[in-house]
Amino acid sequence: MIGAQAAGILGLTALLLPLAVYAGGEQVLSLTPAVDCTPTSSAGCSMTQAGYRVTLRFDAPARSLSPLPLTLVAIPVPQKAEVRFVMTGMDMGMNRFAFRRTGSEWHARAMIPACSSGRADWIAVVCLSYPQRIVEMRVPFITP
């Protein structure tokens with residue numbers, strides 16, 4: 001009975017603190033986008049939360065199996081940054097792309113995989129690595 005109560009308390013705590021999750025000794029902080037956040041606009045999709053400001057911009061139309069140049073701005077500056085493309089409830093395989101820093105911006109050349117079911121509802125998952133912390137930004141978008 002005590003185990004069930006402890007599990008319930010831990011579950012409630014997880015609901016109350018959705019931003020701090022521990023994995024492999026590093027704290028993972030998930031940034032929440034605004035509802036109308038779109039990386040395909042000229043301004044990109046920006047999020048400011050918990051002392052972090054991150055902007056992701058697609059520099060070309062997002063299409064499956066086509067090169068997609070990306071620009072990222074992150075403050076504070078991370079040690080490294082990468083992006084992967086996922087779909088809810090689907091395994092899209094390993095498709096991680098590293099960003100390279102150029103001055104105050106980071107750039108990547110990515111490729112969105114093809115979905116065999118024909119779905120077009122993607123999530124760009126940007127992972128920023130800091131000492132003892134990973135900051136993750138999940139940006140939904142649609143391909144034509």
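Throughout, numbering of the chain's residues begins at 1 and tracks the sequence. Just so it is clear, the model here is predicted, and its values are computed rather than measured.
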Can you see which heavy atom on [X] is nearest to which on [Y], and at what distance?
X    : Y    : result
P78  : A74  : CD-CB, 3.7 Å
A81  : L72  : CB-CD2, 3.7 Å
T55  : A43  : CG2-O, 3.7 Å
A98  : A108 : O-CB, 3.5 Å
A60  : P69  : CB-CD, 3.7 Å
R133 : Y52  : CD-OH, 3.0 Å

Residues E136, R138: salt bridge by 4.0 Å N-O rule: yes
Criterion side-chain contact (heavy atoms from CB on, under 4.5 Å) on H107 and R100, from CA distance to verdict: CA-CA 5 Å; H107 298 276; R100 303 220 187 289; 5.7 Å; no
So [Y] and [X], do their side chains get closer than 4.5 Å, heavy atoms only?
X    : Y    : answer
C127 : R84  : yes
L128 : I134 : no
C45  : F141 : no
M111 : S66  : no
L56  : M137 : yes
V135 : Y130 : yes
V125 : V83  : no
T88  : I123 : yes

Cluster check M90, V139: I/L/V/M/F/W/Y, side chain < 4.5 angstrom: yes
Hydrophobic cluster membership, V126 vs F97, 4.5 Å side-chain cutoff: yes
Whether F58 and F85 hold their rings parallel, tilted or perpendicular, with breakpoints at 30° and 60°: perpendicular
For R53, salt bridge (charged side-chain N to carboxylate O under 4.0 Å, His left out) partners two or more places apart: none
With E105 via salt bridge (charged side-chain N to carboxylate O under 4.0 Å, His left out) - residues at least two apart: none
side-chain contact (heavy atoms from CB on, under 4.5 Å) assessment of R63 paired with T143: CA-CA 6 Å; R63 297 186 203 314; T143 56; 5.8 Å; no
Backbone of G103 reached by a side-chain donor or acceptor of R101 within 3.5 Å: yes
Under 3.5 Å donor-acceptor, S64 side chain and P113 backbone: yes
Between [atom1] of [X] and [atom2] of [Y], what distance do you get to the nearest 0.5 Å?
X    : Y   : atom1 : atom2 : value
R119 : M87 : CZ    : CE    : 5.5 Å
L31  : Q49 : CG    : CD    : 5.0 Å
L70  : L68 : CG    : CG    : 4.5 Å

Chi angles and distances behind the side-chain contact (heavy atoms from CB on, under 4.5 Å) call for D121, I142: CA-CA 5 Å; D121 55 319; I142 303 291; 4.0 Å; yes
